[in-house]
Amino acid sequence: MRYKEPDTKKHEQFLQTRKEPNVFYLGVNTNIKCFNNICPSEKNYWYFFNHIDLENKINITYNPKFGIYLGKIIFNKKGNKLLPKYIPTSIENLEEEVKKIKNLLWIAEKNDNYVKPEVIFFEDTILGKKIKTTRGNYHITNPKNLEYQCKIEKNTTILNQEQILSYVKEIHSENVRIIQDYIDQIYKDNGIKPYAFDDEFYEELGNLGIITQRQVEGFKNNRLIKKNSLLLTMLDYLARQDRKSKDYLITFDDEYFYDYFVFSLGGFILKLSQGMLQNEINSLFNPAAYIDDTKINYNDLNNELIRKYEKEIFGMGFEKRGSYFVDYFDYSFNYNGFFEINLDDYFPNNLHSKTIDRLKYNDEIKFGIKYKYNYIKIPNIRYTKKNNQKDEFYTPSTLGKYYFQISRYHEEVFFELLKPYYPSIKNLPKGWSKEMIEKMSYT
């Protein structure tokens, strides 16, 4: 089947003409499950191109995570200034909203009978001899090939009302506060302040013995490349002293303000089409949580969402063709009702060239944040090799921070990525145990 290229002109026009220009939508995913029985079978098998594809889709496509909508950020224009305003969702009527959830919320246990998936082998004839070979594909038909439960079992932890309410209250309140505090600080600073390197800074690090004199001279003359581990050390050094640069302040009227602002909040940003629908239906949780899993099969969620929210999808500006809608790329609008954290679609597609599939913010969860800019540098990146394929993952700095640089705009200038808050064993929500939080500390 031939791959259909995205209609980038249609996407760019959509961005320019959508009802709420520049607006982006915020949410958080949790490792609480909100849909039962998504297990693979001979009839409903899971196919993956390679090991990386398998990891990504199991984390996103085949993961019924319970998501919480945090609201949206709109922009007021005053002259050349783009002024952000955060409109958070309300949890004033949280008990009533929780009652609307159709399904049990549960925490998946580890699969005691787990068998690691193996690539598909097939027979091929080479020089007249039949041999077994593989293209690295995976074809999963058995729940035993999943590390964690794909349905509720006898030993599954099912959350009660008190546990749901306390968890949602904490995760919503804390993340709303983090986002609002960040915006308040931007207004206080009259823009976004970054961390910047210069020759004096290299000399200072050299005198302290953090880098060698050879590195001092090499960095000053751009002859040496800074390894990511060293970059994190240097950035944490500045962060400890809150030494942000006024010289590279990104003001509200800066041509790059929107880009830097969106990227700095990337760990919260919902895929554009999903955020627009969430705004239209005005719900606190991801759409699949409101669809009865005893009546609708996991594989039919997309069709059910289109049926249930046809009016709202029209309201988003999507066109209906026969039984399906097409999005701003002229692709079929496929959405199973589980949040994807992904900022790609907020920018014209012709700027994109590279996808980084995941950003691990802490030990508890990975986000499907995808930076398609090949000029984005994230020093938190680490590499590993699995099944002869390069895999990327992200670790926090010593201070628990994440940084990024848009080298196309500024060299030697780094900004901080805002990371979402999650309850930990040190601050348990009401009714929760240490063991429950620990069970959720996986992808």
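The chain is numbered in sequence order, starting from 1.
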Take atom [atom1] of [X] as the centre, draw a 6.0 Å sphere, and report whether it contains more than 12 heavy atoms from other residues, nucleotides or ligands.
X: Asn80; atom1: CG; value: no
X: Glu118; atom1: CD; value: no
X: Gln241; atom1: CD; value: yes
X: Gln13; atom1: CD; value: no

List the atom of [X], the atom of [Y], and the distance in Å for their closest heavy-atom pair.
X: Cys34; Y: Phe338; answer: SG-CE2, 3.6 Å
X: Ala239; Y: Leu399; answer: CB-CD1, 3.9 Å
X: Ile152; Y: Asn36; answer: N-OD1, 2.7 Å
X: Gln405; Y: Val413; answer: CG-O, 3.2 Å
X: Asp345; Y: Leu15; answer: O-CD2, 3.4 Å
X: Pro287; Y: Ile281; answer: CG-CD1, 4.1 Å

For the pair Ile158 and Leu105, evaluate side chain to side chain contact (heavy atoms under 4.5 Å, CB included) and give the outcome as yes or no after the intermediate values. CA-CA 6 Å; Ile158 297 173; Leu105 300 186; over 6 Å; no
Qualifying residue, where the test is side chain to side chain contact (heavy atoms under 4.5 Å, CB included) with Tyr335 and the options are Asp327, Ile313, Leu301, Leu305: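 Of the listed residues Asp327, Ile313, Leu301, Leu305, the side chain to side chain contact (heavy atoms under 4.5 Å, CB included) partner of Tyr335 is Leu305.
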Residue of the set Trp46, Tyr62, Tyr45 for which side chain to side chain contact (heavy atoms under 4.5 Å, CB included) holds with Pro40: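 Of the listed residues Trp46, Tyr62, Tyr45, the side chain to side chain contact (heavy atoms under 4.5 Å, CB included) partner of Pro40 is Trp46.
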Taking side chain as C-beta onward, heavy atoms only, is [X] less than 4.5 Å from [Y]?
X: Phe404; Y: Lys377; result: no
X: Lys9; Y: Asp7; result: yes
X: Tyr167; Y: Tyr422; result: yes
X: Phe75; Y: Pro84; result: yes
X: Leu270; Y: Leu26; result: no
X: Lys401; Y: Leu235; result: no
X: Lys33; Y: Lys151; result: no
X: Pro348; Y: Thr8; result: no

Is [X] reaching over with its side chain to a backbone N or O of [Y], donor-acceptor style, under 3.5 angstrom?
X: Arg18; Y: Val23; answer: yes
X: Asn142; Y: Asn145; answer: no
X: Asn427; Y: Ser424; answer: yes

No-hydrogen, no-angle side-chain donor-acceptor test under 3.5 Å, [X] and [Y]:
X: Lys65; Y: Asn286; result: no
X: Asp247; Y: Ser245; result: no
X: Gln185; Y: Asp181; result: no
X: Asn207; Y: Glu203; result: no
X: Gln149; Y: Thr156; result: yes
X: Asn222; Y: Glu411; result: no
X: Glu340; Y: Asn342; result: yes

Salt bridge present between [X] and [Y] (N-O < 4.0 angstrom):
X: Lys19; Y: Glu280; result: yes
X: Glu174; Y: Lys169; result: no
X: Lys220; Y: Asp199; result: no
X: Glu20; Y: Lys72; result: yes

For Lys110 and Glu147, what are the C-alpha separation, side-chain angles and deciding distance, and is it a salt bridge (charged side-chain N to carboxylate O under 4.0 Å, His left out)? CA-CA 6 Å; Lys110 277 195 170 184; Glu147 286 189 70; 5.7 Å; no
ring-ring contact (aromatic ring centres under 6.0 Å, His included) evaluation trace for Phe285 with Tyr69: CA-CA 6 Å; Phe285 307 120; Tyr69 181 47; over 10 Å; no
Quick one: sort the Phe257 and Phe252 rings into parallel, tilted or perpendicular, breaks at 30° and 60°.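 Correct class here is tilted.
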Could you tell me if the ring centre of [X] sits under 6.0 Å from that of [Y]?
X: Phe263; Y: Phe347; answer: yes
X: Tyr47; Y: Tyr138; answer: no
X: Tyr260; Y: His410; answer: yes
X: Phe219; Y: Phe197; answer: no
X: Phe24; Y: Phe261; answer: yes
X: Phe14; Y: Tyr328; answer: yes

Using the side chain to side chain donor-acceptor pair (under 3.5 Å) definition, which of the options Asn380, Asp236, Asn228 pairs with Tyr403?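 Running side chain to side chain donor-acceptor pair (under 3.5 Å) over Asn380, Asp236, Asn228 with Tyr403 returns exactly one hit, Asp236.
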Check the pair Tyr202 / Glu217 against side chain to side chain contact (heavy atoms under 4.5 Å, CB included), numbers first and verdict last. CA-CA 8 Å; Tyr202 297 138; Glu217 297 305 317; over 6 Å; no
Name the residue from Tyr258, Tyr248, Tyr256 that meets the ring pair (Phe, Tyr, Trp, His ring centres under 6.0 Å) definition with Tyr409.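 One option only clears the test, and that one is Tyr256.
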Run the side-chain hydrogen bond (donor to acceptor under 3.5 Å, both in side chains) check on Gln274 and Tyr25 step by step: do they pass? CA-CA 9 Å; Gln274 297 178 10; Tyr25 307 93; over 6 Å; no
